[in-house]
Amino acid sequence: MEKFMLLFRGGVNHAHNAKDSQAAIDNMQAWRTWMESMAQKGILVGAEPLKPLGKQVTGKSKKVTDGPFIEAKEMVGGYVTVSAKDINEAVEISKGCPIFDEDGKVEVRPIQSMEM
Amino acid sequence: MVSVLTKIFGIGNLETAEDVVQQAFIDAIRVWRLKGIPNNPSAWLFSVAKNKAIDIIRKNKFSVQYDFSEDSRILLTSEYTLATTMENLWKEELMKDDLLRMMFACCHPEISEENQITLILKTLCGFSTSEIAKSFLTSEETISKRLLRTKDFFRNKKIKLEIPSVEELKSRTHAVLGAIYLLFNEGYNSSQAEHLIRRDLIEEAKLLCKLLTENQYTQLPEVYALMALMCFHTARSDSRLTTDGEIILLPKQDRSKWNKQLIVEGNDYLNKASFGRAVTAYHVEAAIAFEHCKANTFEDTNWELILDYYQWVCVFYPSPITELNKIVAVMQVHGAEAALEEIAKITNKKKLESYYLYFSILGEIHLRINRKPEAKQYFLKALDLTQSKAERKMLMDTILMI
Amino acid sequence: MKEYLFLFRGGEAMDKERSPEKWQANMQKWMQWMGGLQQKGQLVSAQPLSQEGKQVKGIKKTVTDGPFMEGKEMVGGYLMCKAENYATAVELAKGCPILDDDSGVVEVREIQEIIM
C-alpha cells in the first residue's frame with residue numbers, strides 16, 4: 001500500500017466558503033460520511049481543512065505576503081491522506097469526495113517515500 | 001456523560017473523562033449562578049462537556065497519552081470530521097433526554113390516559129400496532145385510529161417536544177407517572193390472554209421511571225416512590241407463576257425466590273422518596289409492597305398495618321383496585337364476615353363489577369364462610385371477566401375444588 | 001498551540017540539472033531543519049510529494065494526468081507543525097531550505113477549526 005495526498009481545490013460549500021450554517025452542517029455531514037467510509041476500510045491516514053487565508057514566504061529574501069495568493073478555485077482548501085494500492089485506486093477513492101458536488105477538484109498526489 | 005467521554009478518550013483515560021465532567025459542572029454552577037438555570041440544563045451541560053472534549057482532542061491529537069489511531073477514533077483527529085463525529089457520539093446520550101421529552105409530550109394533559117399509553121408504547125417502547133392492540137384487548141384498527149388522532153392533535157396544537165416549565169412540571173410529571181404505572185401494571189398483570197407477566201413492559205416502565213429519577217427537575221419524591229413500588233413488585237414476580245405459567249397465590253409463594261437485590265434497591269428508592277412532604281398513593285403502595293417483601297412467611301405479614309395503609313389510600317386516592325385490595329386486607333385482619341360487611345358499605349358497585357378480581361374476592365369470602373353455592377356462582381362470574389389463560393386456569397381449579 | 005500546514009512550491013528541487021552532491025547537501029539541510037522542529041516538539045508530520053499525479057475535476061469527475069500547472073506552482077511537499085500563531089509559524093517557515101532558491105515558496109496555512 002502506498003500513501004496518497006488528496007489536495008482539495010475550489011468547492012463552493014467547502015468548510016471555509018459556506019455562508020449559511022445549515023448548508024455548512026449538511027456539507028460537513030457529507031464529508032464525514034465519506035471519511036467514515038474510508039476510516040472503516042482502514043485507509044484513512046489523516047485529513048484537515050485549511051483556513052482560506054494564509055501567508056506565503058518567498059525566495060531568498062524570505063518575503064512574507066498575505067494570502068489569498070491565487071484564485072479561490074485554485075486554492076488548496078484542505079487535504080486527505082489515504083492508503084491505496086496505486087494511483088488509480090487513489091483516484092477512485094477521490095471520486096467519492098463531496099467536493100465534486102460543489103464543483104471543486106481533487107489533486108491526487110503520491111507521497112514520495114523518503115528512502116535514502 | 002462519562003461513558004461517552006471514555007468512548008472518546010479511551011478506557012485508559014478515564015480521569016480525563018471525569019475531569020471534563022467535573023469542569024463542565026463547575027462552569028455550570030458559575031454561569032447558572034449569574035444567568036439562572038437554562039431551559040434545558042442537561043443539553044447545556046452536554047454542549048459544554050462536548051466542547052471541552054474537543055479542546056482536549058485538538059491539543060492532544062499527537063500526544064502519546066491518547067490513542068486516536070483506531071479506525072473509529074481517527075475521525076476525531078481530523079477537523080473535517082471532529083465536530084460531526086462528536087455530535088453523533090453525544091446524540092445517543094441526548095437521546096435519553098429526548099426520551100424524557102417524548103414522554104412528557106405523550107402525557108399532555110389534553111390527551112386521554114388511554115391515548116397517552118398507546119402513544120408511549122408506540123413511540124417510546126417501539127411496540128407495533130398489533131402488539132399494542134393485544135395489550136389493550138382491542139383491534140389494530142382502533143389503535144391505529146387512536147394514534148392518528150393523537151398525532152393530529154400534536155400537529156394541530158403545534159405541541160413541541162419539551163420538558164415543561166418548572167411550574168407545570170409537577171402536574172405533568174404526575175401524568176407521566178400515571179402512564180408509567182399503567183404500563184407497569186399491564187406488564188405485571190397483563191390483560192393479554194397468553195402471558196400473565198410481560199417482562200418487556202415491566203422493563204420499559206422501569207427504564208422510563210429511572211430516567212425521571214435522573215433528571216434534576218423530575219426527581220420528585222413520588223417518582224422514587226413509584227420506582228420503589230416497581231422494584232418490590234418485580235422482586236416477587238418469579239415466584240408468582242409455576243414453570244408451566246400457572247398462578248401461585250401469595251400464601252403459597254416460595255419466598256426464597258424473591259429477588260433480594262431488587263428488594264434492597266426498592267428500599268433505597270423508598271428512602272429517597274421520603275424527602276419533602278409528599279405522601280402519594282405511590283408512597284403508600286410502595287410501603288405496602290415493602291411490608292409483603294419484609295415478611296418471611298405469609299403468616300408473618302403485618303396485615304393490620306397494610307389495612308391502615310389501604311384505608312388511607314382509599315380516602316385520598318380512591319380507585320376500584322385499591323378498594324378491592326382493602327377488602328382483602330379486611331378479610332385477613334377481621335375475617336370474611338367483616339369483609340362482606342365492608343363490601344356492603346360500598347354504594348356504587350357498578351365499576352367494581354367490571355373487575356374479575358371483585359367476583360373472585362366475593363367467591364373467596366363466601367368460600368370462607370362456607371357458602372359454597374354462592375362462592376361457585378361468584379367464581380363463575382369472575383371467569384367470564386378475564387381473558388388471561390393463567391387466571392382462568394386458577395379460577396377453574398378453584399371451582400372444581402368446591 | 002495551533003496547527004499549521006506548510007505547502008512547498010518551487011525551489012531548487014525543480015532544477016532537473018542539479019548534481020548528486022547538490023542534492024545531498026540540500027537533503028541534509030532539510031533534515032536539519034525538520035530535526036530542529038522535531039526537537040522543539042513542533043513537528044507533526046512531513047512528506048514530499050512526487051511530481052506525477054492525477055486530477056479529478058468537477059461534477060463529471062474528469063480525470064486528467066499531471067502536471068496540472070506550471071512546475072513552480074505545483075505543491076512539492078508538505079509539513080504539518082504546531083505554532084503559537086501565524087507570526088511564529090511564518091518564522092518557522094523562514095528556516096525552510098526551499099527558500100535557499102529564489103523560486104522557492106512556503107505557503108503557511110492554518111488548520112480550519114470547524115465548530116458546529
Side-chain angles (χ1 to χ4, degrees), chain A residues 3-7 9-10 14-16 21 24-25 28 31 45-46 48-64 66-67 69-70 74-79 81 87-88 90-92 94-95 97 99-114 116, chain C residues 3-7 9-11 24 27 31 44-66 68-69 73-78 80 86-87 89-91 93-96 98-114 116:
Chain A
K3 288 205 169 72
F4 294 85
M5 186 175 228
L6 278 41
L7 292 169
R9 293 181 197 268
H14 202 59
H16 55 257
S21 54
I25 288 171
M28 287 323 295
W31 281 83
V45 180
E48 294 297 356
L50 301 173
K51 282 194 177 174
L53 298 177
K55 289 185 187 275
Q56 216 170 42
V57 188
T58 311
K60 282 182 183 158
S61 60
K62 303 185 180 175
K63 193 172 75 151
V64 180
D66 286 335
F69 329 106
I70 32 179
E74 291 301 327
M75 182 123 169
V76 177
Y79 74 90
T81 312
I87 193 157
N88 294 321
V91 166
E92 282 315 303
S94 80
K95 283 182 181 169
C97 178
I99 205 162
F100 298 117
D101 300 332
E102 335 163 9
D103 206 20
K105 59 185 172 186
V106 179
E107 192 178 310
V108 183
R109 300 283 301 278
I111 289 176
Q112 200 154 36
S113 41
M114 280 267 229
M116 289 179 78
Chain C
E3 280 172 61
Y4 293 87
L5 183 76
F6 292 177
L7 292 171
R9 292 195 170 83
Q24 211 168 21
M27 213 43 164
M31 289 177 68
V44 174
S45 65
Q47 294 290 355
L49 301 174
S50 70
Q51 290 301 309
E52 79 260 30
K54 284 177 191 274
Q55 204 175 52
V56 189
K57 198 174 170 183
I59 293 160
K60 284 188 190 153
K61 305 184 186 179
T62 329
V63 181
T64 45
D65 286 337
F68 333 105
M69 50 190 100
E73 290 299 325
M74 183 113 165
V75 177
Y78 72 93
M80 175 95 82
Y86 256 119
V90 166
E91 280 316 302
K94 281 181 180 171
C96 178
I98 206 164
L99 301 173
D100 290 352
D101 188 280
D102 226 13
S103 70
V105 179
V106 181
E107 186 176 318
V108 182
R109 301 282 298 278
E110 194 178 305
I111 303 298
Q112 170 98 38
E113 285 185 358
I114 290 171
M116 277 186 79

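Note that the structure is predicted; figures quoted are calculated from it, not measured. Here is how names work: the chains are called A, B, and so on, in the same order as the sequence lines, proteins then strands, and each is numbered from 1.
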Under the side-chain contact (heavy atoms from CB on, under 4.5 Å) criterion, do A:I111 and C:Y78 qualify, and how do the steps go?
CA-CA 10 Å; A:I111 289 176; C:Y78 72 93; 4.1 Å; yes

So which of C:D102, C:V56, C:V108 has the biggest tally of heavy-atom pairs under 4.5 Å with chain A?
C:V56

Quick one: CZ on A:R109 to NZ on C:K54, what's the gap to the nearest 0.5 Å?
13.5 Å

Which atom of C:R109 lies closest to which atom of A:L53, heavy atoms considered:
NE-O, 3.4 Å

Among the listed options C:L7, C:V75, C:T62, C:V63, the residue most often paired with chain A at heavy-atom distances under 4.5 Å:
C:V75

Answer with side chain, backbone, both or neither: which region of A:Y79 has an atom nearer than 4.5 Å to a non-hydrogen atom of chain C?
side chain

For A:K60 against C:D100, the heavy-atom pair lying closest together:
CE-O, 2.8 Å

Looking at A:K62 and C:K94, would you say the former's side chain and the latter's main chain have a donor-acceptor pair under 3.5 Å?
yes

Considering only heavy atoms from C-beta outward, does the side chain of A:E48 approach that of C:M80 to under 4.5 Å?
yes

Quick check for you: to the nearest 0.5 Å, what is the distance between C:L49 atom CG and A:T81 atom OG1?
8.5 Å

Nearest heavy-atom neighbours spanning C:G53 and A:P110:
CA-CD, 4.2 Å

Here the pair of heavy atoms bringing C:V90 nearest to A:V64 is CG1-CG2, 3.7 Å

Residues A:L50, C:Q112; criterion side-chain contact (heavy atoms from CB on, under 4.5 Å); working and verdict
CA-CA 5 Å; A:L50 301 173; C:Q112 170 98 38; 5.7 Å; no

Check whether A:L6 gets within reach of chain C through its side chain, its backbone, both or neither, counting any heavy atom under 4.5 Å.
neither

Is it the side chain or the backbone of A:V57 that comes within 4.5 Å of chain C heavy atoms, both, or neither?
both

dist A:K55:NZ -> C:E107:CD (nearest 0.5 Å) comes out at 13.0 Å

So C:E113 and A:K51, side-chain contact (heavy atoms from CB on, under 4.5 Å) or not? Walk me through it.
CA-CA 8 Å; C:E113 285 185 358; A:K51 282 194 177 174; 6.0 Å; no

With a 4.5 Å cut-off on heavy-atom pairs, point out which of A:C97, A:A90, A:G59, A:G46 contacts chain C the most.
A:G59

Between C:K57 and A:F100 the two heavy atoms that sit nearest each other are N-CE2, 3.9 Å

Nearest heavy-atom contact between C:Q47 and A:Q112 is OE1-O, 3.7 Å

